[in-house]
**Student:** 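I have a structure I would like to understand better, so I am pasting it below and will then ask my questions one at a time.
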Protein chains: 2
Amino acid sequence: MLFSTKAEYGVRLMVELGRQPDGKPVSLAAIAESENLPLSYMEHLVAKLRNADLVDSQRGAHGGYTLARPAAEIDMLEVVQALEDTIAPMECFHDTPEGRVSCSHQDDADHACATKLLWTRVQGGVNKALSGTTVAELVKFADGDVRRASLAAHS
Amino acid sequence: MLFSTKAEYGVRLMVELGRQPDGKPVSLAAIAESENLPLSYMEHLVAKLRNADLVDSQRGAHGGYTLARPAAEIDMLEVVQALEDTIAPMECFHDTPEGRVSCSHQDDADHACATKLLWTRVQGGVNKALSGTTVAELVKFADGDVRRASLAAHS
DNA sequence: CGCTTATCCGACTAGTCAGGTAGGATTTAA
DNA sequence: TTAAATCCTACCTGACTAGTCGGATAAGCG
């Protein structure tokens, strides 16, 4: 498995939020019910999204969550990175502050890390796919042949 | 972490085998020592590679393993697929016999699986990176020739 | 024929973590 | 003031990763 359910659930959550046409906050309970996901588990996930400034929260009655930015300006690389602790292809890949990939295995003159080329390419492919997809796009896809979302029916 | 050490170790193993110029079998002990990896753990991995017809084995004294095919004809998608139990991006993706991806979540008329588009793209990116890289290429890279060549994912 | 080198094979295990639960504190609208 | 919601911390549990171990089998060699 490439990603865990954290990414799966979190992406669904973002899509549900992006689905809300006006700026009205949506409660987690509504999302959890509509996607049939455990509410208390989602609380952990949405906390990560909030820490990453991807969603805003409104506490109290009639509170909930909203996208922090327009859905078209949030790409999936941000979302997945916020949810998964790491999306590096291998353990030996640790992101440097400059954002470059590097490998902790030796990279000497006589013996290069043979797998570095491969994992770099894989990560490139994943990042490209993630950063090239926005929340808005997924919303459109989900709504494509569907008239009404179950969540919209509730509000 | 996208992949486990199974893929990491297994790819290293394949590269070591591909490094052997003649068809002489290489013992696991030699590889384990040269890559500084646990021998008894590697035995499990090489068994998977053998079952996938990626390596041939020669038992007994002076035995060992050889690539089942020329290094240029073995791509990393085969290798990684043999090692990892699944490389689907998400749990809900199960490969159908025809090789197409599908999602086990409901895709009914009233609620399309919003994340399907995303995971399909991700898997496409990973598969492309893996299938576009051969053992021979990694061998060449490790030997230092192509060190400055395409590190980034090419198309 | 043993002896050594190697692959093969299955059982077992410590540690980690994903996935989820539980309980309560805090904030806010009506 | 009460209900609806976020927020926060701790805890649990089964599965899986990353091994280890002991031995069976097979092949070359003197």
Side-chain angles (χ1 to χ4, degrees), chain A residues 1-13 16-17 20 24-52 54-66 68 80 83-87 89-92 151 154-155, chain B residues 1-13 17 20 24-33 35-52 54-66 68 80 83-92:
Chain A
M1 218 92 57
L2 249 44
F3 297 122
S4 68
T5 58
K6 274 186 271 195
E8 170 75 18
Y9 294 177
V11 169
R12 287 176 188 272
L13 197 156
E16 285 296 319
L17 293 186
Q20 204 66 6
K24 289 267 180 62
V26 186
S27 77
L28 254 199
I31 294 178
E33 194 191 1
S34 107
E35 295 279 341
N36 204 30
L37 301 173
L39 168 62
S40 31
Y41 185 45
M42 300 286 283
E43 289 183 356
H44 296 307
L45 306 185
V46 81
K48 294 185 182 226
L49 294 171
R50 185 170 38 78
N51 289 336
L54 293 171
V55 303
D56 288 332
S57 61
Q58 172 76 23
R59 299 184 67 164
H62 299 107
Y65 297 93
T66 50
V80 172
L83 293 163
E84 303 282 341
D85 290 335
T86 169
I87 63 166
M90 293 300 312
E91 190 190 355
C92 70
L151 193 65
H154 283 353
S155 41
Chain B
M1 218 90 59
L2 250 45
F3 297 123
S4 68
T5 59
K6 275 186 273 195
E8 170 76 17
Y9 295 177
V11 169
R12 287 176 188 274
L13 198 157
L17 293 186
Q20 203 66 7
K24 289 267 178 63
V26 186
S27 78
L28 252 199
I31 294 178
E33 195 190 0
E35 296 279 341
N36 205 32
L37 301 173
L39 168 62
S40 32
Y41 185 44
M42 300 286 283
E43 290 183 356
H44 295 306
L45 306 186
V46 80
K48 295 187 180 222
L49 295 171
R50 186 170 38 78
N51 289 334
L54 292 171
V55 303
D56 288 332
S57 61
Q58 172 76 25
R59 299 183 67 161
H62 299 108
Y65 296 92
T66 51
V80 172
L83 292 163
E84 303 282 342
D85 289 337
T86 170
I87 63 166
M90 294 301 310
E91 190 188 356
C92 69

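So you know, we letter chains A, B, ... as the sequences are listed, proteins then strands, and number each from 1.
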**Student:** Mapping B:Asn51 and A:Met42 onto DNA chain C by nearest heavy atom, which one lands closer to the 5' end?
**Tutor:**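 Its nearest nucleotide being more 5', the pick is B:Asn51.
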
**Student:** Using a cut-off of less than 4.0 Å, is there contact between a side-chain N or O of B:Tyr41 and OP1 or OP2 of D:dT17?
**Tutor:**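 Checking D:dT17 against B:Tyr41, no side-chain N or O comes under 4.0 Å of OP1 or OP2.
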
**Student:** Tell me whether the side-chain N/O atoms of B:Lys6 come closer than 4.0 Å to OP1 or OP2 in D:dT17.
**Tutor:**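 For B:Lys6, the contact criterion (side-chain N or O under 4.0 Å from OP1 or OP2 of D:dT17) is met.
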
**Student:** Of the nucleotides C:dG20, C:dC8, D:dA18, which has the atom closest to the B:Tyr65 side chain?
**Tutor:**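 Given the options C:dG20, C:dC8, D:dA18, the side chain of B:Tyr65 is closest to C:dC8.
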
**Student:** Would you indicate whether the side-chain heavy atoms of A:Leu28 and A:Glu43 approach each other to under 4.5 Å?
**Tutor:**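 Sidechains of A:Leu28 and A:Glu43: in contact.
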
**Student:** Looking at C:dA18, I'd like to know if its phosphate oxygens (OP1 or OP2) sit under 4.0 Å from a side-chain N or O belonging to A:Thr5.
**Tutor:**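 No, A:Thr5 has no side-chain N/O under 4.0 Å of OP1/OP2 on C:dA18.
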
**Student:** Should A:Arg50 be listed as having a side-chain N or O under 4.0 Å from OP1 or OP2 of D:dC7?
**Tutor:**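 Yes, within the criterion.
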
**Student:** Expressed in angstrom and rounded to an integer, what is the separation of B:Leu37 atom CG from D:dA18 atom C1'?
**Tutor:**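 Spelled out: CG on B:Leu37 to C1' on D:dA18 is 12 Å.
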
**Student:** Should A:Arg12 and A:Glu16 count as an ion pair when the cut-off is N to O under 4.0 Å?
**Tutor:**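 Salt bridge between A:Arg12 and A:Glu16, a charged N being under 4.0 Å from a carboxylate O: no.
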
**Student:** Under 4.0 angstrom, heavy atoms only, what part of the nucleic acid is A:Glu43 near: base, sugar-phosphate, or nothing?
**Tutor:**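 Base contact - A:Glu43 has a heavy atom under 4.0 Å of at least one base atom.
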
**Student:** Which atom pair, heavy atoms only, marks the closest approach of B:Tyr65 to B:Val46?
**Tutor:**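 That closest heavy-atom pairing would be OH-CG1, 3.4 Å.
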
**Student:** For B:Asp85 and D:dA15, give me the distance from atom CG to atom P, rounded to whole Å.
**Tutor:**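 Taking CG of B:Asp85 and P of D:dA15, I get 15 Å after rounding.
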
**Student:** Would you say the side-chain atoms of B:Glu84 pair up with the backbone N or O of B:Lys6, donor to acceptor, closer than 3.5 Å?
**Tutor:**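 Side chain of B:Glu84 to backbone of B:Lys6: no pair is present.
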
**Student:** For the pair made of CG in B:Asn36 and C1' in D:dA18, what is the distance, rounded to whole Å?
**Tutor:**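 Spelled out: CG on B:Asn36 to C1' on D:dA18 is 15 Å.
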
**Student:** Would you say D:dC7 has OP1 or OP2 under 4.0 Å from some side-chain N or O of A:Ser57?
**Tutor:**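 Checking A:Ser57 against D:dC7: at least one side-chain N or O falls below 4.0 Å of OP1 or OP2.
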
**Student:** From CZ of A:Phe3 over to P of C:dG19, roughly how many Å is that when rounded to an integer?
**Tutor:**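 Distance check: A:Phe3 CZ to C:dG19 P gives 13 Å.
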
**Student:** NE2 of A:His62 versus P of D:dT2: gap in Å, rounded?
**Tutor:**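 Distance check: A:His62 NE2 to D:dT2 P gives 18 Å.
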
**Student:** May I ask you to evaluate whether A:Gln58 reaches the phosphate of D:dA4, defined as a side-chain N or O under 4.0 Å from OP1 or OP2?
**Tutor:**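 For D:dA4, OP1/OP2 do not have a side-chain N/O of A:Gln58 under 4.0 Å.
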
**Student:** Where the side chain of B:Arg59 is concerned, which of D:dT6, C:dT7, D:dT20 is the nearest nucleotide?
**Tutor:**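 For the B:Arg59 side chain, the nearest candidate turns out to be C:dT7.
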
**Student:** Go through C:dA11, C:dT7, D:dA18 for me and flag the one nearest to the B:His44 side chain.
**Tutor:**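 The answer is C:dA11, which lies nearest to the side chain.
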
**Student:** When we call it a touch if two heavy atoms are under 4.0 Å apart, what does B:Ser27 touch: a base, just sugar-phosphate, or nothing?
**Tutor:**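 Sugar-phosphate, no base atom in range.
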
**Student:** Rounded to whole Å, how long is the line connecting atom CG of B:Asp56 with atom C1' of C:dT7?
**Tutor:**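 Interatomic distance, CG of B:Asp56 to C1' of C:dT7: 13 Å.
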
**Student:** What's the shortest heavy-atom distance between B:Leu17 and B:Val26, and which atoms?
**Tutor:**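 Nearest pair, atom of B:Leu17 first, then B:Val26: CD2-CB, 4.0 Å.
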
**Student:** Does atom CG (A:Asn51) have a neighbourhood of more than 12 heavy atoms from anything else shown, all under 6.0 Å?
**Tutor:**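 Yes, the 6.0 Å shell around CG holds more than 12 heavy atoms from other groups.
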
**Student:** Among D:dC21, C:dC8, C:dT28, find the nucleotide with the atom closest to the side chain of A:Ala61.
**Tutor:**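 Ranking D:dC21, C:dC8, C:dT28 by closest atom to the A:Ala61 side chain puts C:dT28 first.
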
**Student:** What is the distance, rounded to the nearest whole Å, between atom CD1 of A:Ile31 and atom C1' of D:dA5?
**Tutor:**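 In whole Å, D:dA5 C1' lies 13 Å from A:Ile31 CD1.
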
**Student:** Between C:dT7 atom C1' and B:Leu49 atom CG, what is the distance in whole Å?
**Tutor:**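 For the pair B:Leu49 CG and C:dT7 C1', the rounded distance is 14 Å.
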
**Student:** Quick check on C:dA22: is either OP1 or OP2 less than 4.0 Å from any side-chain nitrogen or oxygen of A:Ser40?
**Tutor:**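 It does not, given that no N or O in the side chain of A:Ser40 lies less than 4.0 Å from OP1 or OP2 of C:dA22.
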
